[in-house]
Amino acid sequence: MSVAILGIETSCDETAAAVVIDGITISSNIISSQVEIHQKFGGVVPEVASRKHLELINGVIRVALEEAGLSFKEIQAVAVTYGPGLAGALLVGIATAKAIAYGLNVPLLAVNHLEGHIYANFISSPVLPFPLICLVVSGGHTELILMERHGSYQFIGGTLDDAAGEVFDKIARVLKLGYPGGPLIEEIARQGKEEAIFFPRAYLAEDSLDFSFSGLKTAVINYLRKSQQKNEMINPADVAASFQKAVIDVLVDKTFAAAARYQVKTVVLAGGVVANRQLRTRFLTRANKEKIEVIYPEPVFCTDNAAMIACAGYYKYLRGEQAPFSLNAAPGLMLGTDGTV
Ligand code: KG4
Ligand code: ZN
């Protein structure tokens with residue numbers, strides 16, 4: 001018998017619900033973005049985000065079920081993001097998921113948002129060969145995770161300061177491009193020259209699998225400030241292209257260094273920054289050279305969505321990992337550092 005899971009995601013500024021069958025068939029994937037509202041403020045305003053989730057969540061779930069052609073009674077489990085993310089925003093999804101799971105008397109499945117991003121890969125490639133090196137690059141995280149089997153995460157490196165997506169957003173803001181920055185930087189970078197300006201890459205200690213992007217961020221800001229002081233014209237496309245290359249160079253080098261160190265033949269990319277076409281191409285080129293397989297989700301499954309949460313939930317369902325109804329939001333939840341998810 002097939003298993004239909006309702007996924008719910010409200011950790012940041014997307015109110016999302018999806019129905020996924022057996023972890024692979026997407027029956028519906030509804031995402032109501034609040035981006036336009038937060039754009040006015042140049043970033044996500046937590047209190048506004050939770051209020052909007054509250055307004056939108058029931059409608060988004062109703063549409064997800066309608067599109068899937070299923071009634072509540074045909075749902076076998078409810079998967080929800082319980083962290084990391086904004087506390088108030090997470091609570092809206094968690095309270096809704098609890099009510100539905102309790103009402104239907106089906107398991108409640110608690111999914112780590114980062115685990116969800118990784119599982120977006122299992123939607124299109126359900127038989128990925130373990131062990132895997134996973135690079136998670138989103139607005140809040142830049143992490144390397146070694147995965148030896150389903151549900152097992154070993155943290156092997158991460159950012160010491162800013163996340164890659166956060167720096168994309170910041171540089172877009174100083175270039176006055178708007179929010180969210182990643183897609184806008186990518187867009188203008190296509191008109192620019194990657195080698196136009198040299199920005200520093202932080203590799204840290206020789207054997208380090210950690211990242212640091214704050215130096216790069218400061219270097220770009222200083223470059224813009226100095227040019228302004230000297231009344232020099234800058235070419236935003238060149239700045240964007242050179243900055244983007246600096247980020248991608250480090251992400252590629254560290255990820256393949258991790259694959260070599262752990263003798264892993266398959267690399268999995270996850271998180272919003274993976275929607276970047278230049279990043280995808282660079283990973284593929286390096287993968288061909290090193291005879292390593294690189295997998296990444298379709299762009300719509302890279303950024304926040306609930307299908308990835310339902311997919312991660314499916315494997316928990318198979319393992320019988322039911323969450324208690326006392327489940328609380330875990331805004332600072334990590335992946336793989338303390339043996340828990
Ligand atoms: O995974 P995600 O949707 O939300 C979080 O969990 O944070 O990631 C959002 C981040 C933002 O920082 C956004 O600027 C970045 O992903 N992003 C991109 C692209 N699309 C989204 N960064 C670079 N290039 C893109 N095309
Ligand atoms: Zn995310």
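Every heavy atom of this structure was used, including side-chain atoms; hydrogens, water molecules and symmetry mates were not. Note that ligands are numbered from 1 as they come in the structure, with each ligand's atoms numbered from 1 the same way.
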For ligand 1, the portion of Glu14 having any non-hydrogen atom under 4.0 Å away: neither
Under-4.0 Å salt bridge between Glu55 and Arg51: no
Hydrophobic cluster identity match, Ile295 and Leu146, side-chain contacts under 4.5 Å: no
Proximity winner for atom 15 (C) of ligand 1, if only heavy atoms of Val273, Leu279, Leu114 are counted: Val273
Proximal atoms of ligand 1 relative to Thr303 (non-hydrogen, under 4.0 Å): 3 (O)
Proximal ligand 1 atoms for His113, defined as those under 4.0 Å from one of its heavy atoms: 6 (O)
Pair Phe122 + His150: ring centers closer than 6.0 Å: yes
Protein heavy-atom partner closest to atom 17 (N) of ligand 1 - residue, atom, separation in Å: Gly272 O, 3.5 Å
Where ligand 1 meets Gly139 - atom numbers and elements under 4.0 angstrom, heavy-atom basis: 5 (C), 7 (O), 8 (O), 9 (C), 10 (C), 12 (O)
Closest approach of any protein heavy atom to atom 23 (C) of ligand 1, naming residue and atom: Gly182 CA, 3.4 Å
Asp169, portion touching ligand 1 at heavy-atom distance under 4.0 Å: side chain
Residue Gly140 vicinity, atoms of ligand 1 by number, heavy atom under 4.0 Å: 7 (O)
Contact check, Cys12 vs ligand 1, heavy-atom distance below 4.0 Å: no
Apex the Zn ion (ligand 2) - arms NE2 from His117 and OD1 from Asp304 - angle rounded to 10°: 100°
Single-linkage hydrophobic cluster, 4.5 Å side-chain cutoff, Leu279 and Val136 together: no
N or O contact, Gly165 vs ligand 1, cut-off under 3.5 Å: yes
Protein heavy-atom partner closest to atom 3 (O) of ligand 1 - residue, atom, separation in Å: Asp304 N, 3.1 Å
2.8 Å cut-off met by an N, O or S atom of His113 to the Zn ion (ligand 2): yes
For atom 24 (N) of ligand 1, the protein heavy atom that lies nearest, with its residue and separation: Asn276 ND2, 3.0 Å
4.0 Å heavy-atom contact, Arg277 with ligand 1: no
Geometric N/O contact Glu186 with ligand 1, under 3.5 angstrom: yes
